[in-house]
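One structure below.
Every chain is numbered from 1, with letters handed out A, B, ... down the list of sequences. Below, each value reflects all heavy atoms present in this structure, side chains not excepted, and no hydrogens, waters or symmetry copies.
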Protein chains: 2
Amino acid sequence: MLAPDHLSSTFQALADPTRRAILARLSKGEASVTELAAPFSMSMPAISKHLKVLERASLISRGKEAQWRPCKLEAAPLEAASDWVEQYRAMWEARFDRLDAYLKEVQEKEVKPTTRKRNAKGKR
Amino acid sequence: MLAPDHLSSTFQALADPTRRAILARLSKGEASVTELAAPFSMSMPAISKHLKVLERASLISRGKEAQWRPCKLEAAPLEAASDWVEQYRAMWEARFDRLDAYLKEVQEKEVKPTTRKRNAKGKR
DNA sequence: AATGTATATAACCAAACGGTTAAATACAAA
DNA sequence: TTTGTATTTAACCGTTTGGTTATATACATT
């Protein structure tokens, strides 16, 4: 079950570059705490705390193999976060589309209307 | 220009329900500070601080009309945030697809393989 | 010029954050 | 049973966060 305010804890967990890097690493497969800590010049307890934040946000889950506690990515909360962001991104784009339509209408009788390139990256 | 670690400040700005509600309101159009504050049982300075956080993250921009400082949504940082999240969401889905393929292969000779419904919401 | 309205700033506070070092725990191997 | 390795917990520390109240600023109206 996701935490009461799961969106807040998800975003908060994502708001740290170390934690995002850990998630990036985990997207390539499970890893132990020591493996995850390797790239950082940071104490083990610091990493342990970051992992706890990620775990609290259900962004990772942890196993138990001898003395190792392997971590793996859990993407369900990412889905909710993505949905939230997309909602407003889409609204913003819709607004631009309406503006485009309006400008097109207004400039209907212009001699050479400048071709507007709205979304250069052209995604989705 | 976006801040040095713009992803962190974007996610951090999104990690508060009041600020997300403000963005939701702004997605329906510009609004003054007092209008934005209305739904909340919170002092004006508190709202003012939230707006400053959103502004620092470039999620909103502000105008000047007499004694009003109207806020409007700026979706560019949402795009970056969305892209980041989508990247890992997609990876996670790809992993599931591979698992699906594997399971399909393994169960090839089963009598009546149960139809697995992976992504019930079926988005994108 | 005085008053009212919209907003921001200052000063303060408790709690959370992100790190540290030192010590405890859990298991494996010798 | 001792030693080594992996990880967590405890205690601490400075900074940031999210709120408060009181005060200042900016502009409009009378």
Report all interatomic pairs (protein N or O, nucleotide N or O of nucleotides 9-13 of chain D) with separations under 3.5 Å.
unit_1: D/dT9; atom_1: OP2; unit_2: A/Lys52; atom_2: NZ; d: 3.0

Whole-Å distance between [N] [atom2] and [X] [atom1]?
| X | N | atom1 | atom2 | answer |
| --- | --- | --- | --- | --- |
| A/Ile47 | C/dT21 | CD1 | C1' | 16 Å |
| A/Leu51 | D/dA6 | CG | P | 15 Å |
| A/Trp68 | D/dT5 | CH2 | C1' | 8 Å |
| A/Leu54 | C/dC17 | CG | P | 13 Å |
| B/Met44 | D/dG19 | CE | C1' | 15 Å |
| A/Arg69 | D/dT5 | CZ | P | 17 Å |
| A/Met42 | D/dT8 | CE | P | 15 Å |
| A/Arg56 | C/dG18 | CZ | P | 11 Å |

Measuring to OP1 and OP2 of [N], would you say a side-chain N or O of [X] lies under 4.0 angstrom away?
| X | N | result |
| --- | --- | --- |
| B/Gln12 | D/dT16 | no |
| B/His50 | D/dT17 | no |
| B/Ser43 | D/dG19 | no |
| A/Arg62 | D/dT8 | yes |

>> Let's see if you can work this out: which of C/dG19, C/dA28, C/dC17 has an atom nearest to the side-chain heavy atoms of A/Gln67?
In response: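 Among C/dG19, C/dA28, C/dC17, the one nearest the side chain of A/Gln67 is C/dA28.
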
> Which listed nucleotide (D/dT20, D/dT7, D/dG18) is nearest to the side chain of B/Asp16?
Replying inline: D/dG18

Look at the side chain of [X] and the backbone N and O of [Y], then say whether any donor-acceptor pair between them is shorter than 3.5 Å.
| X | Y | answer |
| --- | --- | --- |
| B/Ser48 | B/Pro45 | no |
| B/Thr10 | B/His6 | yes |
| B/Arg25 | B/Leu36 | no |

Measure the shortest side-chain to side-chain distance between [X] and [Y] over non-hydrogen atoms and say whether it is less than 4.5 angstrom.
| X | Y | value |
| --- | --- | --- |
| A/Gln12 | B/Gln12 | no |
| B/Leu14 | A/Leu7 | no |
| B/Leu51 | B/Arg62 | yes |

> Pick the nucleotide of DNA chain C nearest each of B/Glu35 and A/Ala15; which residue has the one closer to the 5' end?
Replying inline: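 Result of the comparison: B/Glu35.
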
> Taking for each residue the nucleotide of DNA chain C bearing the nearest heavy atom, is the 5' side occupied by A/Val53 or by A/Lys64?
Replying inline: A/Val53

> Starting at the 5' end of DNA chain C, what dot-bracket string do you get if Watson-Crick and G-U pairs under 3.5 Å are bracketed, crossing pairs use [ ], other-strand pairs use | and unpaired bases use dots?
Replying inline: ||||||||||||||||||||||||||||||

> Which distance, rounded to the nearest 0.5 Å, do you find between the CZ of B/Arg20 and the OG of A/Ser8?
Replying inline: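 Here the interatomic distance stands at 3.5 Å.
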
> Heavy atoms under 4.0 Å, any strand shown: does A/Ala46 hit a base, just sugar-phosphate, or nothing?
Replying inline: base

> Just checking, any donor-acceptor pair under 3.5 angstrom between side chains of B/Glu74 and B/Ser58?
Replying inline: no

> When you check the gap from the basic side-chain N to the acidic O, do B/Glu86 and B/Arg89 get nearer than 4.0 Å?
Replying inline: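 Yes, charged N to carboxylate O under 4.0 Å.
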
> With hydrophobic residues grouped by side-chain heavy-atom distances under 4.5 Å, do A/Val53 and A/Leu78 end up in a single group?
Replying inline: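 Unlinked, A/Val53 and A/Leu78 end up in two clusters.
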
